[in-house]
Asks: 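Take this structure, written in structure tokens, and hold onto it; I'll ask about it next.
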Amino acid sequence: MKMFDDVLVRFKDAQVERVRAYVLGYDGSSVEIGALSVQLGTQCLVKLKTGLEFRGEVIKVGTTKNIVAMYDTNIPIAVGDEVQILSDGNSVRVGNGLLGRVVDALGNFIDNKPSTSLHSEWPLYGKKINSASRQKIDSVLDVGVRVINSALTLGKGQRVGIFAGSGVGKSTLISMITEFTEADIIVVGLIGERGREVGDFIRKNKLSANLKKTVIVAEPADSSPLLRLKGVQRATAISEYFRSQGKDVLLIVDSLTRVAHAQREIGLSRGEAAIDKGYTPSVLNLIPKLIERAGCSDGETGSITAIYTVLADGDDFISDPIIDTSRAILDGHIVLSRQNAQQGIFPAIDLPMSVSRVMNDIVPTEHIQLAERLRALISCYLENRDLILLGGYNPGQNEELDTAIKIWPEIVAFLKQKYNEPSLKHESLLKLSELLK
């Protein structure tokens, strides 16, 4: 028996040696180590000579060296420090114990409550879905926001973007959706946002009636790019797990732009070339892969309705590569207008610039006609607003414009909604029909 134990110990020692390397270089965020037979995403432990230990993840493999991105930055790492392999890092712990909780990108509970055991696992990068077998989007998801429910109706399994510049109310809008939605499960990924916003969102969520069915994955702006990227992957994996349980999941990622920035930093650190406004090829490759993980399942039940916020730098909705790439793959987009925000119209949704690509398939014809009528009246008024304000328009020249001018105060009142007052889908449609009767 003792002989067997000695053999087992020697075998384990040999295994440890096989997965051990040493630091060859360090630039403040990434470590170069000797070549090991590992895969991308493998988690590593860097042991400093001082006894401190820090974790990282393999982001590039090669025949002579590997690159490990550290979860922390500006660590006092020195050449010769030991690096050990921990795990492949390609699965996350999931389960009902996540509901009502806040976790970070590594799955640690950060809400000052006792840790909960999670007995199931799910691949961090998801399971492949047969696109030919995906279920059709055929039912409405009530999000409790009047303009969206009535004129930009979302379906269960739809992927939509909220495009907005800074400071026009996107965080308030997603807070409203989180609190008012009828989805079975809500997963919120707060990725790369201000730490204050993360704290405020968590405190507001604690007062929400939907708290018991909400999971928050938070990695603020001061986290390393690797953790920000893992945060959105974990949030998506958690959503996929609950979808596999037959649940209708609402996944909110705030923001996709910060995820793209994190991937750009990682790409540049491993030698990728910047091709479009500083973004690397891996960024433009990541976005469609991430978005395609959401949607309906290829089974009979379960869906992920995904909402991704996208920051428009300088209110540029045309040439920004992240907006352009995401708009091409999403099933619709909601644009927030700075002009509306300046006029006190919140949520500041620019209806003529927004679209839901599945609305026509999930609501009756009468509903579609009302939404199109509202969109036409708003567009007509905005196109002629300067002329109207200057007194250059005489009533009677354009019947549609006359109608828009007459009911414009009512339209503005319809567009406005207090952040703490939900508007369910039947109430939203009723108010729209009363407005346009």
Asks: Before you tell me yes or no, could you show the steps for V215 and I186 under side-chain contact (heavy atoms from CB on, under 4.5 Å), namely the whole-Å CA-CA distance, both residues' side-chain angles and the distance that decides it to 0.1 Å?
Replies: CA-CA 6 Å; V215 184; I186 305 163; over 6 Å; no
Asks: Between S139 and K156, is there a donor-acceptor pair closer than 3.5 Å when you use the side chain of the first and the backbone of the second?
Replies: no
Asks: Donor-acceptor pair, distance only, cut-off 3.5 Å: does the side chain of Q417 make one with the backbone of R146?
Replies: yes
Asks: What closest approach, in Å, do A294 and Y308 show between heavy atoms, and which atom pair accounts for it?
Replies: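 Reported closest heavy-atom pair: CB-OH, 3.9 Å.
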Asks: Can any side-chain N or O of D27 pair as donor or acceptor with the backbone N or O of S30 at less than 3.5 Å?
Replies: yes
Asks: Rounded to the nearest 0.5 Å, how far does OH of Y279 lie from CG of L268?
Replies: 11.0 Å
Asks: Does either side chain, that of R101 or that of T116, offer a donor lying less than 3.5 Å from an acceptor on the other one?
Replies: yes
Asks: Looking at S297 and I129, what are the two nearest heavy atoms and their distance?
Replies: CA-CD1, 4.5 Å
Asks: Hey, which of D320, I287, V160 is the one that makes side chain to side chain contact (heavy atoms under 4.5 Å, CB included) with S326?
Replies: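 Only one of D320, I287, V160 forms a side chain to side chain contact (heavy atoms under 4.5 Å, CB included) with S326, namely I287.
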Asks: Is it true that atom NZ of K406 has more than 12 heavy atoms of other residues, nucleotides or ligands lying nearer than 6.0 Å?
Replies: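 No, because the 6.0 Å sphere around NZ of K406 holds 12 heavy atoms or fewer from other groups.
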Asks: Quick one: does H367's side chain get under 4.5 Å of T153's, heavy atoms only?
Replies: yes
Asks: How about CZ on F54, more than 12 heavy atoms from neighbouring residues, nucleotides or ligands closer than 6.0 Å, or not?
Replies: yes
Asks: Which heavy atom in E265 sits nearest to a heavy atom in P225, and how many Å separate them?
Replies: OE1-CG, 3.6 Å
Asks: List the steps and the verdict of salt bridge (charged side-chain N to carboxylate O under 4.0 Å, His left out) for R228 and E219.
Replies: CA-CA 6 Å; R228 279 177 268 149; E219 279 298 338; over 6 Å; no
Asks: Verify the distance criterion only: is there a donor paired with an acceptor across the side chains of D350 and N340 at less than 3.5 Å?
Replies: no
Asks: At what distance, to the nearest 0.5 angstrom, does CD of E57 lie from CG of L226?
Replies: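 So the CD of E57 and the CG of L226 are separated by 4.5 Å.
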Asks: Quick one: do L424 and N149 satisfy side-chain contact (heavy atoms from CB on, under 4.5 Å)? Show the steps, please.
Replies: CA-CA 7 Å; L424 303 181; N149 279 343; 5.5 Å; no
Asks: Could E427 and K425 be called an ion pair, given the rule that one side-chain N must be under 4.0 Å from one carboxylate O?
Replies: no
Asks: What I'd like to find out is whether the side chain of L99 reaches to under 4.5 Å of the side chain of K212, using heavy atoms alone.
Replies: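 The answer is no; the side chains never approach within 4.5 Å.
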Asks: Can you confirm whether more than 12 heavy atoms, excluding those of E399, are under 6.0 Å from its CD atom?
Replies: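 At most 12 heavy atoms, drawn from other residues, nucleotides or ligands, come within 6.0 Å of this atom.
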Asks: Taking all non-hydrogen atoms of both residues, which atom of V187 and which atom of A235 are closest, and how far apart?
Replies: CG1-O, 3.5 Å
Asks: Quick check against the 3.5 Å criterion: does D111 have a side-chain atom that pairs as donor or acceptor with the backbone of V102?
Replies: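 Present.
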Asks: For the residue pair W408 and Y381, categorise the inter-ring angle as parallel (less than 30°), tilted (30 to 60°) or perpendicular (more than 60°).
Replies: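 Answer is parallel, since the angle falls under 30°.
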Asks: Identify whether the distance between the nearest side-chain nitrogen and carboxylate oxygen of K204 and E179 falls below 4.0 Å.
Replies: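 Looking at E179 together with K204, the answer is no, because their closest N to O distance does not fall below 4.0 Å.
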Asks: Salt bridge check, D298 against R134: does any charged N sit closer than 4.0 Å to a carboxylate O?
Replies: no
Asks: Could you tell me the separation between the OG atom of S303 and the CZ atom of F242, rounded to the nearest 0.5 Å?
Replies: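 Going from OG on S303 over to CZ on F242, the span is 14.0 Å.
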Asks: Quick check: do S223 and Y71 have side-chain heavy atoms less than 4.5 Å from each other?
Replies: no
Asks: Hey, what do you get for OG1 (T214) to CD1 (I202), rounding to the nearest 0.5 Å?
Replies: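 If we round to the nearest 0.5 Å, T214:OG1 and I202:CD1 are 12.0 Å apart.
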Asks: Ignoring hydrogens and geometry beyond distance, is a side-chain donor-acceptor pair present between Q263 and S282 at under 3.5 Å?
Replies: yes
Asks: Under the side chain to side chain contact (heavy atoms under 4.5 Å, CB included) test against I345, which residue among I411, V412, V147 passes?
Replies: V412
Asks: Between K170 and D254, does any side-chain N to carboxylate O distance fall below 4.0 Å?
Replies: yes
Asks: Where do V335 and I349 land on the side-chain contact (heavy atoms from CB on, under 4.5 Å) test, with the steps shown first?
Replies: CA-CA 6 Å; V335 175; I349 296 174; over 6 Å; no
Asks: Before you tell me yes or no, could you show the steps for S356 and Q158 under side chain to side chain donor-acceptor pair (under 3.5 Å), namely the whole-Å CA-CA distance, both residues' side-chain angles and the distance that decides it to 0.1 Å?
Replies: CA-CA 9 Å; S356 171; Q158 185 173 356; 3.1 Å; yes
Asks: Walk me through it: do T301 and K247 pass the test side chain to side chain donor-acceptor pair (under 3.5 Å)?
Replies: CA-CA 7 Å; T301 58; K247 304 293 186 180; over 6 Å; no
Asks: Minimum heavy-atom separation for P123 to A237, with atom names?
Replies: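 The answer is O-CB, 3.7 Å.
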Asks: Return yes if some donor-acceptor pair links the side-chain N/O of T42 with the main-chain N/O of V38 below 3.5 Å, else return no.
Replies: no
Asks: Flag the pair V103 / I110 as yes when at least one side-chain heavy-atom distance between them is below 4.5 Å, and no otherwise.
Replies: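 No, every pair of side-chain atoms sits at 4.5 Å or beyond.
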Asks: Are L311 and S166 packed together at the side-chain level, in the sense that at least one heavy-atom pair is separated by less than 4.5 angstrom?
Replies: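 Heavy-atom side-chain distance check passes, below 4.5 Å.
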Asks: Do D104 side-chain atoms and G107 backbone N/O form a donor-acceptor pair below 3.5 Å?
Replies: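 Confirmed, D104 side chain pairs with G107 backbone.
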Asks: Do D313 and D316 make a side-chain contact, defined as non-hydrogen atoms from C-beta onward lying under 4.5 Å apart?
Replies: no
Asks: Within the structure provided, determine whether L118 and L98 are in side-chain contact (heavy-atom separation under 4.5 Å).
Replies: yes
Asks: Is any NZ, NE, NH1 or NH2 atom of the basic residue among E240 and K127 found under 4.0 Å from an Asp or Glu carboxylate oxygen of the other?
Replies: no
Asks: Apply salt bridge (charged side-chain N to carboxylate O under 4.0 Å, His left out) to the pair R270 and E272, showing each step before the final yes or no.
Replies: CA-CA 6 Å; R270 64 189 181 193; E272 291 185 43; 3.0 Å; yes
Asks: Just how far is it from atom NE2 of H333 to atom CD1 of I307, taken to the nearest 0.5 Å?
Replies: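 It comes to 14.5 Å.
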Asks: Does a donor on one side chain and an acceptor on the other come within less than 3.5 Å for E193 and S255?
Replies: yes
Asks: Check L227 against A105 and note the closest heavy-atom contact, atom names and distance.
Replies: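 Minimum heavy-atom separation between L227 and A105: O-CB, 3.1 Å.
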Asks: Can a salt bridge be assigned to the pair D331 and R159 using a cut-off of 4.0 Å between side-chain N and carboxylate O?
Replies: yes
Asks: Charged N to carboxylate O under 4.0 angstrom, E400 versus R373?
Replies: yes
Asks: Does the pair M70 and V46 meet the rule for a side-chain contact (heavy atoms from CB on, under 4.5 Å), with working shown?
Replies: CA-CA 9 Å; M70 304 304 297; V46 179; 3.7 Å; yes
Asks: Atom OG of S150 and atom CG of L430: how far apart are they, to the nearest 0.5 Å?
Replies: 11.5 Å
Asks: Under a 3.5 Å threshold, yes or no: a donor from one side chain and an acceptor from the other, between D402 and Y393?
Replies: yes
Asks: Can you confirm whether D324 sits close enough to R327 that some side-chain heavy atom of one is under 4.5 Å from a side-chain heavy atom of the other?
Replies: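 Counting from C-beta outward, D324 and R327 do come under 4.5 Å.
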Asks: Is a donor from one side chain sitting under 3.5 angstrom from an acceptor on the other, for R293 and Q233?
Replies: yes
